[in-house]
Visitor: 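After the structure tokens below, expect a handful of questions from me.
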Amino acid sequence: ATEATLGGEITSENASADQKIGPLAMELTKDLTEDIVREALVWASLHGGVVGDKTNGKSGTSPGVGMVHVPLALLPTPFPRQAFEQALELATHYNTLVDRVSQDSHFLRECLAHTRKADSFTAKLMNIYDQILAEGIAQDIQLGLHRSDYMLDMATGALLQVEMNTISSSFAGLGALTSQLHKYLIGRFGQDLGLNVENVPENSAANDFAEGLGQAWLEYGNPNAAVLMIVHAKETNMYDQHWLSFKLYEKYGAKVFRRTFAEVAAQAKLDEKRTLLIGEQPIALVYFRSGYSPDDYVSDRDWDVRLLMERSTAVKSPSISYHLVGAKKIQQELTKPGVLERFLHDKDAIAKVRESFAGLWSLENDGGDHILEEAVAKPEGFVLKPQREGGGNNIYGKDVATTIKKLNQEELAAYVLMQRIFPTVHDSYLVRDGVCRTSKIISELGIFGTYLRNGEKEILNKQAGHLVRSKVSDSDEGGVAAGYGVLDSPYLT
Ligand SMILES: Nc1ncnc2c1ncn2[C@@H]1O[C@H](COP(=O)(O)OP(=O)(O)O)[C@@H](O)[C@H]1O
Ligand SMILES: N[C@H](CCC(=O)N[C@@H](CS)C(=O)NCCC(=O)O)C(=O)O
Ligand SMILES: [Mg+2]
């Protein structure tokens with residue numbers, strides 16, 4: 001985003017008495033804005049609303065060194081109550097859908113057959129999947145810690161799913177904190193702002209993700225076993241992860257070991273019962289906060305250790321099958337007529353899930369719907385997506401047309417074409433590195449879901465809190481970590 005779109009800094013010159021903070025349409029003076037920003041930053045610092053400060057070389061490795069407050073929207077962003085409740089209601093249906101699809105190897109192989117030929121990352125994941133199925137999975141406890149992301153399409157008012165994350169779903173920790181922060185600010189400045197605290201919904205995401213981890217650890221049944229969190233060597237978002245580890249220990253007494261793929265490769269082995277051992281420490285549960293991007297696998301050694309962990313009796317969150325279900329190709333295949341009916345049986349649930357689908361198309365054998373021609377003619381109405389997670393990978397605008405024209409038939413199998421969603425633009429104040437700027441933003445609502453099943457026994461299937469990420473409205477790709485997005489919360493209207 002250019003400086004211009006981030007709006008000017010609030011200074012004595014440019015702020016005027018009738019400065020409107022658009023989103024909640026109330027009057028804000030410069031003095032009041034400064035008071036709110038100060039309280040926000042103090043509260044965030046006192047309550048662990050922090051991320052690594054990239055200007056400090058040690059921030060990604062040493063806890064307690066080089067922290068800065070989490071990039072924030074100063075106040076919550078308006079969101080229609082009906083759409084919010086619709087998103088909440090979808091959570092258990094999407095949890096069930098992921099679990100059912102994960103058990104249908106025929107469907108997964110059929111959908112990813114061409115993609116694995118065109119995309120080496122998908123191919124490597126599928127190779128692990130094939131080996132695990134051939135050998136017989138060692139652990140039938142499945143833990144899903146998902147986040148289903150939505151945007152509200154301004155033109156139609158439709159709540160449309162952007163994607164389903166089944167691996168490394170971030171910000172359960174910091175998202176819950178942002179709701180608490182906004183409630184604090186409205187409680188303190190409510191009168192001046194003309195806002196009500198109860199319009200900012202309670203947010204249980206951190207507690208609910210800790211519950212999912214804790215229940216899976218209990219279900220594994222060995223109190224001496226630990227939880228292994230797979231992390232990046234340098235991690236800007238480590239405190240979001242630590243929130244979960246701390247709550248897990250506080251509520252269940254389970255200890256978390258943080259290791260990179262390289263460290264696991266050096267320290268891990270399986271005993272004769274395929275128990276995963278880190279040194280002599282048995283592991284009950286592997287929780288991935290890395291491994292979702294090809295960049296996370298520096299060499300085949302990392303792929304070997306992914307397979308080793310997958311073969312073990314430790315619960316994996318996600319298992320390789322849950323990981324595959326989160327592929328954008330699967331998201332696109334699920335929108336085909338009659339496919340949902342293979343996995344969900346409740347007519348109402350099917351209708352509600354189908355209603356949340358944005359337009360999604362395969363690029364292969366143009367199914368006669370001439371969608372490729374339309375995408376080349378009107379590229380700004382589409383997003384072209386490779387099979388990648390972690391942000392920064394999508395193709396927008398004219399590049400959609402040029403890419404479609406450049407790729408051959410097989411290469412096109414590595415992408416999906418998606419309807420571009422245009423949410424309402426709101427005015428907001430974004431606070432980053434202590435500086436508050438007015439900005440025009442669009443927001444994305446994430447609903448967390450926790451799902452735990454042991455064989456035939458379904459133990460947890462919950463809507464597990466929420467997250468709002470807002471970004472400057474003219475930036476294609478958001479991403480808090482990427483430096484465009486901020487953490488926000490919904491103000492139900
Ligand atoms: N259909 C879409 N319409 C508008 N923006 C989109 C759409 N799909 C993705 N985006 C934007 O791109 C970002 C990343 O896309 P996403 O599918 O979530 O990929 P990733 O798995 O890398 O997060 C989203 O957070 C959103 O800001
Ligand atoms: N640093 C890693 C980041 C892990 C990660 O990128 N997760 C994806 C889903 S795969 C995601 O949830 N993206 C939304 C966060 C954003 O907007 O920046 C972590 O926190 O463990
Ligand atoms: Mg995403």
Side-chain angles (χ1 to χ4, degrees), residues 1 51-52 54 60 70-71 145-155 158 160-175 205 209 229-245 258 260 287-293 295-296 317-318 322-323 326-329 331-332 335 356-361 380-397 400 415-423 441-448 467-488:
V51 295
K54 289 179 181 164
V70 63
L145 297 173
H146 309 314
R147 195 190 71 242
S148 181
D149 292 334
Y150 302 94
M151 282 180 161
L152 199 51
D153 185 53
M154 175 170 51
L160 299 176
Q161 186 184 53
V162 170
E163 67 156 345
M164 165 59 90
N165 296 285
T166 59
I167 181 168
S168 301
S169 304
S170 301
F171 295 127
L174 294 177
F209 261 37
M229 190 186 296
I230 306 297
V231 297
H232 292 142
K234 286 175 75 68
E235 176 54 70
T236 309
N237 195 32
M238 73 160 81
Y239 302 100
D240 182 53
Q241 300 167 354
H242 286 302
W243 268 110
L244 302 182
S245 308
R258 293 171 63 87
T260 63
Y287 172 45
F288 287 93
R289 292 293 291 254
S290 175
Y292 50 85
S293 161
D295 302 341
D296 299 337
S317 186
Y322 266 38
H323 186 166
K328 294 176 170 52
K329 181 65 184 170
Q331 179 186 4
Q332 172 257 308
T335 66
S356 70
F357 287 160
L360 273 157
W361 302 271
E380 62 288 337
F382 296 88
V383 183
L384 191 54
K385 297 188 173 184
Q387 303 307 307
R388 292 289 179 272
E389 299 295 323
N393 303 294
N394 297 336
I395 295 165
Y396 301 86
V400 170
Y415 293 83
V416 296
L417 185 67
M418 187 171 185
Q419 160 197 351
R420 180 157 190 174
I421 309 163
F422 295 95
I441 60 165
I442 54 174
S443 300
E444 187 169 347
L445 172 69
I447 303 294
F448 293 102
L467 162 73
V468 174
R469 285 174 294 144
S470 295
K471 64 178 182 181
V472 290
S473 55
D474 67 357
S475 88
D476 287 332
E477 189 83 15
V480 178
Y484 290 108
V486 298
L487 292 197
D488 196 347

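Just so it is clear, the values below take in all heavy atoms, side chains as well, and ignore hydrogens, waters and symmetry mates. What you see is a predicted model; the values in this text were computed from it and never measured. One-based numbering, in listed order, for ligands and for the atoms of each.
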Visitor: Would you name the heavy atoms of His232 and Thr260 that are closest together and state the gap between them?
Guide: C-CG2, 4.0 Å
Visitor: If you count the atoms of ligand 1 from 1 in the order shown, which ones are under 4.0 Å from a heavy atom of Tyr396?
Guide: 10 (N), 11 (C), 12 (O)
Visitor: Report the part of Lys471 in contact with ligand 1, treating N, CA, C, O as backbone and CB onward as side chain, heavy atoms under 4.0 Å; options are side chain, backbone, both, neither.
Guide: side chain
Visitor: For Tyr396, run the side chain to side chain donor-acceptor pair (under 3.5 Å) check against Glu380, Glu477, Arg420 and tell me which one passes.
Guide: Glu477
Visitor: What is the minimum heavy-atom distance between His323 and Pro318, and which atoms define it?
Guide: N-CB, 3.9 Å
Visitor: Compute the shortest N/O to N/O distance between Gly390 and ligand 2 and return yes if it is under 3.5 Å, no if not.
Guide: no
Visitor: Using heavy-atom distances only, which candidate in Lys385, Gln331, Arg420, Glu163 approaches atom 17 (O) of ligand 1 most closely?
Guide: Lys385
Visitor: Answer side chain, backbone, both or neither: which part of Arg289 comes under 4.0 Å from ligand 2, heavy atoms only.
Guide: both
Visitor: Ser170 heavy atoms, cut-off 4.0 Å: which ligand 2 atoms fall inside?
Guide: 3 (C), 4 (C), 5 (C), 7 (N), 11 (C), 12 (O), 19 (C), 20 (O)
Visitor: List ligand 2 atoms under 4.0 Å from Arg469, heavy atoms only on the residue side.
Guide: 14 (C), 16 (C), 17 (O)
Visitor: Applying a heavy-atom cut-off of 4.0 Å, say which part of Asn394 lies close to ligand 1: side chain, backbone, both or neither.
Guide: side chain
Visitor: Can you name the atoms of ligand 1, numbered from 1 with element, that are less than 4.0 Å from a heavy atom of Gly390?
Guide: 20 (P), 21 (O), 22 (O)
Visitor: Quick one: do Asp476 and Asn394 satisfy side-chain hydrogen bond (donor to acceptor under 3.5 Å, both in side chains)? Show the steps, please.
Guide: CA-CA 9 Å; Asp476 287 332; Asn394 297 336; over 6 Å; no
Visitor: OG/Ser293 to CZ/Arg388 distance, rounded to the nearest 0.5 angstrom?
Guide: 7.0 Å
Visitor: Which heavy atom in Tyr415 sits nearest to a heavy atom in Ile395, and how many Å separate them?
Guide: CE2-CD1, 3.9 Å
Visitor: Tell me the closest heavy-atom pair linking Phe209 and Phe448, and the distance in Å.
Guide: CZ-CD2, 3.5 Å
Visitor: If we ignore hydrogens and angles and just use 3.5 Å, is the side chain of Ser169 paired with the main-chain N or O of Leu145 as donor and acceptor?
Guide: yes
Visitor: On the 0 to 90° scale, with breaks at 30° and 60°, tag the Tyr322-His146 ring pair as parallel, tilted or perpendicular.
Guide: tilted
Visitor: For the backbone of Gly391 and the side chain of Asn393, can you confirm whether one donor and one acceptor N or O come within less than 3.5 Å of each other?
Guide: yes
Visitor: Hey, is Glu389 touching ligand 1 through its side chain, its backbone, both or neither, going by heavy atoms under 4.0 Å?
Guide: both
Visitor: Say whether Ser168 and ligand 2 are in contact under the criterion: heavy-atom distance to a ligand atom below 4.0 Å.
Guide: yes
Visitor: Could you go through the side chain to side chain contact (heavy atoms under 4.5 Å, CB included) check for Asp488 and Ile441 one step at a time?
Guide: CA-CA 11 Å; Asp488 196 347; Ile441 60 165; 4.1 Å; yes
Visitor: So, regarding Ser169 and ligand 2 (criterion: nitrogen or oxygen to nitrogen or oxygen, under 3.5 Å), is there a contact or not?
Guide: no
Visitor: Measure the distances from the heavy atoms of Gly391 to every atom of ligand 2 and state whether one is below 4.0 angstrom.
Guide: no
Visitor: Ile421 to ligand 1: N or O pair under 3.5 Å?
Guide: yes
Visitor: Answer side chain, backbone, both or neither: which part of Asn165 comes under 4.0 Å from ligand 2, heavy atoms only.
Guide: side chain
Visitor: Going by the order shown, which atoms of ligand 2 are within less than 4.0 Å of some heavy atom of Glu235?
Guide: 1 (N), 2 (C)
Visitor: Under the side chain to side chain contact (heavy atoms under 4.5 Å, CB included) test against Gln419, which residue among Leu360, Leu160, Val383 passes?
Guide: Leu160
Visitor: Relative to the heavy atoms of Phe171, which atoms of ligand 2 are at a distance of less than 4.0 Å?
Guide: 15 (C), 16 (C), 18 (O)
Visitor: So, does Tyr292 sit close enough to ligand 1 that a heavy atom of it is under 4.0 Å from the ligand?
Guide: no
Visitor: Could you pull out the closest heavy-atom pair between Val468 and Ser443, with the gap in Å?
Guide: CG1-CB, 3.9 Å
Visitor: Identify, by atom number and element, the atoms of ligand 2 in contact range of Glu389, meaning under 4.0 Å from any of its heavy atoms.
Guide: 10 (S)
Visitor: Tell me the closest heavy-atom pair linking Ser290 and Asp296, and the distance in Å.
Guide: OG-CG, 3.4 Å
Visitor: Which atoms from ligand 1 have a heavy atom of Glu477 less than 4.0 Å away?
Guide: 12 (O), 13 (C), 14 (C)
Visitor: Do His242 and Arg258 pass the side chain to side chain contact (heavy atoms under 4.5 Å, CB included) test, and can you show the C-alpha distance, the side-chain angles, and the key distance before you say yes or no?
Guide: CA-CA 10 Å; His242 286 302; Arg258 293 171 63 87; 3.5 Å; yes
Visitor: I'd like to know whether ligand 1 has Ala358 as a neighbour, heavy-atom separation below 4.0 Å.
Guide: no
Visitor: May I ask whether Asp149 places a heavy atom under 4.0 Å from ligand 1?
Guide: no
Visitor: Taking only heavy atoms of Arg388, which atoms of ligand 1 are found under 4.0 Å from at least one of them?
Guide: 21 (O)
Visitor: Check this for me - ligand 1, Val383, N or O atoms closer than 3.5 angstrom, yes or no?
Guide: no
Visitor: Show your reasoning for whether side chain to side chain contact (heavy atoms under 4.5 Å, CB included) applies to Val416 and Gln387.
Guide: CA-CA 8 Å; Val416 296; Gln387 303 307 307; 4.0 Å; yes
Visitor: Between Arg147 and ligand 2, is there a nitrogen or oxygen pair with a distance under 3.5 Å?
Guide: yes
Visitor: Report yes or no: does Asn165 contribute a side-chain atom to a donor-acceptor pair with the main-chain N or O of Arg147 at less than 3.5 Å?
Guide: yes
Visitor: Using 2.8 Å as the cut-off, count the protein N, O or S atoms closer than that to the Mg ion (ligand 3).
Guide: 1
Visitor: Which atoms of ligand 2 sit under 4.0 Å from any heavy atom of Ile167?
Guide: 9 (C), 10 (S)
Visitor: Report, in ascending order of atom number, the atoms of ligand 1 lying under 4.0 Å from any heavy atom of Met418.
Guide: 1 (N)
Visitor: Report the C-alpha separation of Gln331 and Lys328 in whole Å, then their side-chain angles, then the decisive distance to 0.1 Å, and conclude whether the side-chain hydrogen bond (donor to acceptor under 3.5 Å, both in side chains) test is met.
Guide: CA-CA 5 Å; Gln331 179 186 4; Lys328 294 176 170 52; 5.9 Å; no
Visitor: Would Leu152 and Leu445 count as a side chain to side chain contact (heavy atoms under 4.5 Å, CB included) here? Give the steps.
Guide: CA-CA 9 Å; Leu152 199 51; Leu445 172 69; over 6 Å; no
Visitor: Looking only at heavy atoms of Asp240, does any of them come nearer than 4.0 Å to an atom of ligand 2?
Guide: no
